[in-house]
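Structure record follows, encoded as structure tokens.
Throughout, a chain's letter reflects where its sequence line sits, starting with A, and its residues are numbered from 1. Note that these values count all heavy atoms, side chains included, but never hydrogens, waters or copies made by symmetry.
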Amino acid sequence: MSDERKTPEMRAQMTEIERLRHSAAHVLATAILKIWPEAQFAAGPPVENGFYYDVDLPHRISPEDFEKIEAEMKAEIKANHPFERMEVSREEALEMGRKGRLASLGDREQPSKFKIDIIENIPEGETISLYRNGDFVDLCAGPHVMRTGNIGAFRLTNVASAYYKGDEKNPQLQRIYGTAFKNKTQLDEYFAMLEEAKKRDHRKLGKELEIYIIDEDVGPGLPLWLPRGAAIIEELEKLAKETEFAAGYQRVRSTNLAREALYLKSGHLPYYKESMFPPMEVHEHGEEDSVAQRYYLKAMNCPHHHKLYAAIPRSYRDLPLRFAEYGFCHRYEQSGELFGLMRVRSMQMNDAHLYMTPEQFESEFNAVNEMYLNYFKLFGLEKYLMRFSTHDPTKLGQKFLDEPELWKQTEEMTRNVLKNSGLNYEEVPNEAAFYGPKVDVQVWSVIGREFTIATNQVDFGQPRRFNLTYKDKDNTEKTPICIHRAPLGTHERFVGFLLEHYAGNFPLWLSPEQVRIMTIGDDAALVDYARKIGNELRANFVRSDVDLGTDKINGKIQRAEQMKVHTMFVIGKRDMEADAVSVRVHGKGNLGAKPRAEAIAEVLLSIKERRP
RNA sequence: GCCGAAGUAGCUCAGCUGGUAGAGCAACGGUUUCGUAAACCGUAGGUCACGGGUUCAAAUCCCGUCUUCGGCUCCA
């Protein structure tokens, strides 16, 4: 293995399963060399669910080659070679590299170019070690399992491409992915789990449950919401509006596009330009006008909100001021990055900008974090991580606003608040927004997919650029601090996440179709009774539908269950005569008959309380 | 954007090495009047992603484009 970025301490912590998988990567390389001796290897680490090895090879490895490679791997495992560690000097290692002897089965004409590069990047004084299994020798810090025979069960999973060291200026390598476990049972369980995960994929559920579509004529990454999807969005928006109202936010509204001048002022141009749709050129004074105005689709709401702040003179007594908007933003994401609802080009953000004095920062920041935690509780999210993203001082003026002092101050301030809050956080350099440090919230859906679901950003740049001020107690003009926050992220990503989180089995309050009423037969009196109940539900804003057709009741239930309708009212003659309904709940089955009024009251209460 | 793979009816998919497109479900019409996950019969539905080429003949082979997927980079 050859990932030089990890320290020796980190490697020592490699778990048993990681050692096994990393060893499997060496066996993979061994097998590939037996078939294609000219293969050049780069890095082959264990990853979350398996391992990979990056290889440079003229032959394009495809899944059809897997059988052949796996057969060689099996032979190597059966041979049960020991993994032998050897420590060598830097010069010895380089000499072997020049002979093509690293990550190979013997000397070769071509030097082991990636391995040589890796050696050259190992800091002075650090031990350089090699590992051998059979004829295969690789530059590797280890550790490994004792023998190749310890690799219990494995399978190659897919091929992808990756740039050497993840830099798009470097050559592209073929990345062969595989996974390995102690035994076949665990391997089978893993693949069974993957099958389960596929069923919960938001793209699959989004289609099956009629949530959204992405149409070629509309454009890639531009989802359209079907009524069932829009219903979920409406509920989320209602939740956000209630929560924000209670927390002292005020709602504002802004446009979807603006002149270039606005984004020059905000700094989006040039710092964010490649993520924005190209401008529209408009000749405002007729065809003969030689000067075109450039308009951009907004990528973020902040510049618009800053204008709203600036529109009226502000006093320290007005602060904190909290402007909220579910604004539509458009970003020109690279085509290869689009991914279902999770990565789109048009998004509706649960956005708000909070303007405050420095003294108010801590309490405002904490209040925002508390809002996050309340939401997580409501949705039953247990695993989350706050990623505190800071700037990289070497990229001031390029990726980040050139304000070294302000970066230092705001990062310090944010770090302190995070520390005092006791939240689970991790600091990552070089990932801040261009206008200030940020805290992204990572969550994991039940199928293990990781998302940045929400964001909480400090902005010291824009308030100055927009000349935002407030009159302080001492009669001087001061610049407020601004926090951008979006606890529910964007509708697109959040709904995508919820689909996977709930596997489409939404709680009643979020359910696209909350109640479906179905009759046993289509007797006229029964149809009337069902319609009456439907009207009563709709009068109480319950999303309900009636299935009055001539199908058998089993068929009606089947269709409702497939659409994951939360509650079903089954109505036959017996129910009608007793002014009752038979209640069936998705996932729970038949709950028996209940008086009509009681059944409806229960539905209304569950929705009102947003029960899980 | 880059590398690789894929695109057949509304959905899920079949269609072998070229001979002119098929099933199930859904839809529609009829029959059935039924108690908790699919009643029965029939009808209709496709520029095989799009454009070009090779061929007597293309869903099938070749080239280009679009889109999606697996990754890289990036992010809410």
Taking the same atom, [atom1], in [N] and in [M], what whole-Å distance lies between them?
{"N": "B/U12", "M": "B/U73", "atom1": "P", "result": "31 Å"}
{"N": "B/G30", "M": "B/G18", "atom1": "P", "result": "47 Å"}
{"N": "B/C3", "M": "B/G10", "atom1": "P", "result": "33 Å"}
{"N": "B/C61", "M": "B/C16", "atom1": "C1'", "result": "15 Å"}
{"N": "B/G52", "M": "B/U47", "atom1": "C1'", "result": "15 Å"}
{"N": "B/U20", "M": "B/C2", "atom1": "P", "result": "39 Å"}
{"N": "B/C11", "M": "B/C48", "atom1": "P", "result": "16 Å"}
{"N": "B/C13", "M": "B/A6", "atom1": "P", "result": "15 Å"}

Requested in this report: Kindly write out the residues that satisfy side chain to side chain donor-acceptor pair (under 3.5 Å) with A/R531, not counting sequence neighbours, or none if the list is empty.
Outcome: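 With neighbours one apart ignored, the set is empty.
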Query raised in the report: Considering residues at least two apart in sequence or located in another chain, which fulfil the side chain to side chain donor-acceptor pair (under 3.5 Å) criterion with A/T452?
Result: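 Partners of A/T452 by the side chain to side chain donor-acceptor pair (under 3.5 Å) criterion, ordered by chain and then number, come out as A/Q442.
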Query - First of A/T452 and A/S582 reached from the 5' end of RNA chain B, by closest nucleotide - result: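 Upstream on the strand: A/S582.
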Query raised in the report: Which comes earlier along RNA chain B counting from the 5' end, the contact point of A/S275 or that of A/L338, where each point is its nearest nucleotide?
Result: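 Final value for this comparison: A/L338.
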Which part of the nucleic acid, if any, lies within reach of [X] when heavy atoms closer than 4.0 Å are counted: base, sugar-phosphate only, or nothing?
{"X": "A/M347", "result": "base"}
{"X": "A/F494", "result": "nothing"}
{"X": "A/A560", "result": "nothing"}
{"X": "A/T550", "result": "base"}
{"X": "A/I453", "result": "sugar-phosphate"}
{"X": "A/G340", "result": "sugar-phosphate"}
{"X": "A/K588", "result": "nothing"}

Query raised in the report: For A/N374, what residues pass the side chain to side chain contact (heavy atoms under 4.5 Å, CB included) criterion, not counting sequence neighbours?
Result: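 In terms of side chain to side chain contact (heavy atoms under 4.5 Å, CB included), with neighbours along the sequence ignored, A/N374 is linked to A/E370.
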Taking only residues two or more places apart in sequence or in another chain, which ones pass ring pair (Phe, Tyr, Trp, His ring centres under 6.0 Å) with [X]?
{"X": "A/F434", "answer": "A/H268, A/Y271"}
{"X": "A/Y375", "answer": "none"}
{"X": "A/H491", "answer": "A/Y326"}

Query raised in the report: For the residue pair A/H306 and A/H353, does the interplanar ring angle fall in the parallel (under 30°), tilted (30 to 60°) or perpendicular (over 60°) class?
Result: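 Perpendicular.
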Query - Donor-acceptor pair between A/S511 and A/K564 side chains, under 3.5 angstrom - result: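 Judged by distance alone, the side chains do not pair up.
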[Y] ring centre to [X] NZ or CZ under 6.0 Å, with the angle to the axis within 45°?
{"X": "A/R155", "Y": "A/F191", "result": "yes"}
{"X": "A/R516", "Y": "A/F569", "result": "no"}
{"X": "A/R21", "Y": "A/F51", "result": "no"}

In [range], which ones come under 4.0 Å of RNA chain B, going by heavy atoms?
{"range": "residues 567-577 of chain A", "value": "A/V570, A/G572, A/K573, A/R574, A/D575"}
{"range": "residues 514-526 of chain A", "value": "A/I520, A/G521, A/D522"}
{"range": "residues 383-390 of chain A", "value": "none"}
{"range": "residues 209-224 of chain A", "value": "A/E216, A/P220, A/G221"}

Does [Y] offer a backbone N or O that forms a donor-acceptor pair with the side chain of [X] under 3.5 Å?
{"X": "A/K573", "Y": "A/I520", "result": "no"}
{"X": "A/S275", "Y": "A/Y332", "result": "no"}
{"X": "A/Q172", "Y": "A/Y164", "result": "no"}
{"X": "A/Q514", "Y": "A/L508", "result": "yes"}
{"X": "A/K556", "Y": "A/G549", "result": "yes"}

Query raised in the report: On RNA chain B, which is the earliest and which the latest nucleotide, 5' to 3', with an atom closer than 4.0 Å to a heavy atom of chain A?
Result: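 Footprint of chain A along RNA chain B, 5' to 3': B/G1 to B/A76.
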Query raised in the report: Pairing of RNA chain B as dot-bracket, 5' to 3': ( ) intra-strand, [ ] crossing, | other strand, . unpaired, with Watson-Crick or G-U pairs under 3.5 Å?
Result: (((((((..((((.....[..)))).(((((.......))))).....(((((..]....))))))))))))....
Requested in this report: For A/R559 and A/M518, run side-chain contact (heavy atoms from CB on, under 4.5 Å): C-alpha distance rounded to whole Å, both residues' side-chain angles, the deciding distance at 0.1 Å, then the answer.
Outcome: CA-CA 11 Å; A/R559 278 202 302 279; A/M518 48 193 86; over 6 Å; no
Query raised in the report: At their closest point, which heavy atom of A/H304 faces which heavy atom of A/L262, and how far apart are they?
Result: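 Reported closest heavy-atom pair: CE1-CD2, 3.7 Å.
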Report task. Indicate yes or no: does A/R200 engage A/E196 in a salt bridge with an N to O separation below 4.0 Å. Result ->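 Between A/E196 and A/R200 there is no salt bridge, as every charged N stays at least 4.0 Å from the carboxylate O atoms.
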Report task. Please assess A/Y296 against A/H330 for the test ring-ring contact (aromatic ring centres under 6.0 Å, His included), listing each intermediate value before the final yes or no. Result -> CA-CA 10 Å; A/Y296 283 86; A/H330 289 83; over 10 Å; no
